[in-house]
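As the structure is a prediction and not an experimental result, all values here were calculated from the model. Letters A, B, ... are given to chains in the order of the sequence lines, protein chains preceding strands, and every chain is numbered from 1.
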Amino acid sequence: MSVRHALLALLSEGPKYGLQLREEFEARTGEVWPLNVGQVYATLQRLERDGLVAAAGEDPVSEPGTQGAPQKAYEITEVGSAELAQWLRVPPDQSTPPRDDLVMKILIAIRIPGTDVYEVIQAHRRYLVQLMQEWTRLKGDAPGAEDDGGGPGDLAFGLVVDAELFRLDSVVRWLDAAEGRLRRAAADGRLTAAPASASAASAASGASAASGAAAEPVAVLRRRIGGGR
Amino acid sequence: MSVLELRSISKVYGKGAAEVQALRDVSLTVAAGEMVAVMGPSGSGKSSLLTIAGTLEEPTSGAVLINGEDVHAMSGGAKARVRRRTIGYVFQDFNLLPGLTAVENVALPLELDGTSMRRAYLAGAKALEALGLAGRARAFPDQLSGGERQRVAIARATVGERQLLLADEPSGALDSANGEGVMRLIHAACKRGVAAVVVTHDAQLASWADRVIFLRDGRLADQTAAPAGPESLLERPS
């Protein structure tokens, strides 16, 4: 999440003070991302250094509600506006699969003798569903999309909660799919079979053309995941 | 007192080599106002659990208690009354009768239970109004959108003084916004004191429940912990 660009977005509406930026940031992200005021000022300084924002007006004025300390208002520059427009359209990198601890744990669980992999999967599934319940409870307490109540803060909140729910849901679905795959493998006697090195060797000797074809995507994946290290 | 109590329910279909044990020693209680979701892969016994809880099917062993009363000990007439008065069902495809309007569909269970046509109709209209469907009361099911049909089905399942709502994959083939809509309606019914059991494979729908139980090969394999309260998530350090 880019605090830098969030502040630029808020300043694109007009000049603002630091404290005001913090309040507006929290309100628009559904108050899910807390931001301390030190972070705001540090970010503003860097933005000013890079020429993306500039001090607004000649004289520092007292910000309402503070103890008379002089506060500086900032405004977005043309370079800042261009940077913001550019940033909105650049997709975040999703091409490199993350090194997923959960995937690792399941891969390891199937190799440890005497480990009930389904029980391991269920422990993770339970945890994820509980987390989803907590998010959904927040959503249930907030006004629904079909209610006419609720301002832009509620809308942002709904979007943020949905993003989390879809993310967690995708992990639960992966666990379901993994369990199905493991059960089919177990039914075919492939789960308790020899370790990977032996099975890879037998696959290579059994059908070299097929294993050659399979090896290529594996190598690509390995490079990508390895690249994230 | 719990609205629904399942005591050591087992269910066996078929005999001999064709024997299938759908449920094994499942116990579950659902209190008034509580929503329980049942998750599990297909063939885990989810739907059997629901039909047995709904008194549509007898368990092979174990007892079903509705408001503390053992269903097995009830006369046929008493059981039918429980089905009509106490329990509301929502099915995957909503099962609305195509020849009846929305309000007639909702009023039907009351009429079957001996309520006068006029009173049943009024109660049906009120239930539809509560779900934002006042203007669609006279539409036939094929004139309604998927989301509207689903709301009619929920109105029918909660009309009158129903205390137990049983839903089998209630979002059916609806998109996620309408799926959330159906869960909000069930959630709202629970806030009014209805006990609900929702069978689903969808974790997002299940996450509306106070408690999620996981079935595996007919057994209650696991369940989520009691709700931690909404503040716990916001207070977690990020």
- prompt: Of all of A/Glu179, A/Glu119, A/Arg125, which one pairs up most often with chain B through heavy atoms under 4.5 Å apart?
  reply: A/Glu179
message: Checking the side chain of B/Thr224 only, and the main-chain atoms of B/Val212 only, is there a donor and an acceptor separated by less than 3.5 Å?
response: yes
statement: One option among A/Leu165, A/Leu128, A/Asp162, A/Val172 has the most heavy-atom pairs under 4.5 Å with chain B, and it is A/Leu165
message: Under 4.5 Å from any heavy atom of chain B, what part of A/Phe166 do you find: side chain, backbone, both or neither?
response: both
message: With a 4.0 Å cut-off on N to O distance, would you call A/Asp50 and A/Arg4 a salt bridge?
response: yes
message: Given 3.5 Å as the limit, does a donor-acceptor pair link the side chain of A/Ser12 with the main chain of A/Ala9, or not?
response: yes
query: With sequence neighbours excluded, what pairs up with B/Asp202 under the side chain to side chain donor-acceptor pair (under 3.5 Å) test?
result: none
